[in-house]
Amino acid sequence: MKNKKLIYIISVIVIILSFIASVKGVFSNEVHVYPNVITAFGEEVELYQKGIYARDSVSMATQAIAQDTITLVIGIPMAIISLFLIMKDNKKGIFLLTGTIGYILYTYAS
């Protein structure tokens, strides 16, 4: 396979950065105090007030923490497994890596 070394380097960088972001999202609990937000429709939105998701709504923060947990438990191990499959020249590894990196890209782009 061409560019195997480049694939490893980029994949390892993505794995490390997504691990750092996920751990920070799941385990950050420092309390902040922000006033609740009034929407354009006059509804009051309660903010989460903790960690890096302190300025997000409670609903959004809960979803983001769950997404970070899934990334830690499923996404990162799948990326590591796919790298081992690629090392053994298994064609399934490249498809698994493509899907996993796509998942991580979609998660952190949104």
Side-chain angles (χ1 to χ4, degrees):
M1 176 187 339
K2 292 168 59 173
N3 300 322
K4 203 174 201 180
K5 185 175 181 181
L6 183 62
I7 291 170
Y8 288 142
I9 292 170
I10 292 173
S11 298
V12 168
I13 290 170
V14 168
I15 289 168
I16 290 169
L17 291 176
S18 63
F19 178 78
I20 292 168
S22 296
V23 167
K24 181 69 175 168
V26 171
F27 296 111
S28 65
N29 285 322
E30 56 275 356
V31 176
H32 303 278
V33 179
Y34 297 110
N36 289 340
V37 177
I38 306 296
T39 68
F41 299 107
E43 298 172 349
E44 186 174 1
V45 176
E46 182 181 355
L47 299 181
Y48 187 63
Q49 307 286 352
K50 290 192 303 187
I52 63 172
Y53 300 116
R55 293 184 181 181
D56 290 331
S57 69
V58 173
S59 173
M60 180 62 200
T62 305
Q63 293 174 38
I65 292 168
Q67 189 73 41
D68 287 336
T69 304
I70 294 297
T71 300
L72 280 174
V73 173
I74 297 173
I76 293 173
M78 280 182 58
I80 294 169
I81 289 168
S82 64
L83 283 178
F84 283 121
L85 289 174
I86 292 172
M87 275 196 307
K88 294 181 179 184
D89 290 327
N90 190 332
K91 299 290 182 189
K92 293 177 185 176
I94 195 70
F95 291 111
L96 182 61
L97 183 65
T98 302
T100 306
I101 297 297
Y103 159 78
I104 291 171
L105 176 66
Y106 175 77
T107 297
Y108 291 108
S110 60

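Computed from a prediction, not measured in an experiment: that's the story for all the values here.
Ile9 and Ile86 fall into different hydrophobic clusters, where Ile, Leu, Val, Met, Phe, Trp and Tyr side chains are chained together by heavy-atom contacts under 4.5 Å. Linking ILVMFWY side-chain heavy atoms closer than 4.5 Å, directly or via other members, places Phe27 and Ile65 in two distinct hydrophobic clusters. Placement of Leu6 and Ile104 within a single hydrophobic cluster is found when ILVMFWY residues are connected by side-chain heavy-atom separations under 4.5 Å, directly or transitively. Linking Ile, Leu, Val, Met, Phe, Trp and Tyr residues whenever their side-chain heavy atoms come within less than 4.5 Å places Ile80 and Ile74 in a single cluster. Both Ile7 and Met87 are members of a single hydrophobic cluster when ILVMFWY side chains are connected at heavy-atom separations under 4.5 Å.
Between the CD1 atom of Ile15 and the CD1 atom of Ile20 there is a distance of 12.0 Å, given to the nearest 0.5 Å. Distance check, rounded to the nearest 0.5 Å: OG of Ser18 to CD1 of Ile13 gives 12.0 Å. Note that CD1 of Ile52 is 8.5 Å distant from CD of Glu30, once rounded to the nearest 0.5 Å. To the nearest 0.5 Å, atoms CE (Met78) and CD1 (Ile101) are separated by 10.5 Å. Going from atom CG of Leu105 over to atom OG1 of Thr98 covers 12.0 Å, rounded to the nearest 0.5 Å. Atom CD of Gln49 sits about 8.5 Å away from atom OH of Tyr34, to the nearest 0.5 Å.
Remark: the backbone N or O of Phe19 is not paired with any side-chain donor or acceptor of Ser22 at under 3.5 angstrom. Between the side chain of Ser57 and the backbone N or O of Val45 there is no donor-acceptor pair closer than 3.5 Å. Remark: side-chain polar atoms of Gln67 are not paired, donor with acceptor, to backbone N or O of Thr107 under 3.5 angstrom.
Judged by distance alone, the side chains of Thr71 and Tyr103 do bring a donor and an acceptor atom under 3.5 Å apart. Judged by distance alone, the side chains of Asn36 and Glu46 never bring a donor and an acceptor atom under 3.5 Å apart. Asn3 and Tyr8 share no donor-acceptor pair across their side chains, judged by distance under 3.5 Å alone.
Looking at heavy atoms from C-beta onward, Tyr108 lies out of side-chain contact with Val14 at the 4.5 angstrom threshold.
Contact between Gly51 and Ser28 at its shortest, heavy atoms only, is CA-OG, 3.3 Å. Of all non-hydrogen atoms in Gly93 and Ser82, the two that sit nearest each other are O-CB, 3.5 Å. The two residues Leu97 and Ser11 have their closest heavy-atom pair at CD2-OG, 3.4 Å. The two atoms that bring Ala21 and Asp68 nearest to each other are O-OD2, 4.4 Å, heavy atoms only. Minimum interatomic distance between Tyr48 and Tyr53 (heavy atoms only, all atoms of both residues): CB-O, 3.4 Å.
Annotation for Phe84: atom CZ does not count as buried by contact number, only 12 or fewer foreign heavy atoms lying within 6.0 Å. Open room surrounds CZ on Phe95; 12 or fewer heavy atoms of other groups in view lie less than 6.0 Å from it.
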Criterion side-chain contact (heavy atoms from CB on, under 4.5 Å) on Leu85 and Ile94, from CA distance to verdict: CA-CA 8 Å; Leu85 289 174; Ile94 195 70; over 6 Å; no
Taking it one step at a time, do Ile38 and Glu43 satisfy side-chain contact (heavy atoms from CB on, under 4.5 Å)? CA-CA 5 Å; Ile38 306 296; Glu43 298 172 349; over 6 Å; no
Go through the steps for Val37 and Leu47 under the test side-chain contact (heavy atoms from CB on, under 4.5 Å), then give the verdict. CA-CA 8 Å; Val37 177; Leu47 299 181; 4.0 Å; yes
Evaluate the side-chain contact (heavy atoms from CB on, under 4.5 Å) criterion for residues Val12 and Leu83: first the C-alpha distance (whole Å), next the side-chain angles of each, then the deciding distance (0.1 Å), finally the verdict. CA-CA 9 Å; Val12 168; Leu83 283 178; 4.2 Å; yes
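Using a 4.0 Å cut-off between charged nitrogen and carboxylate oxygen, Lys50 and Asp56 do not count as a salt-bridge pair.
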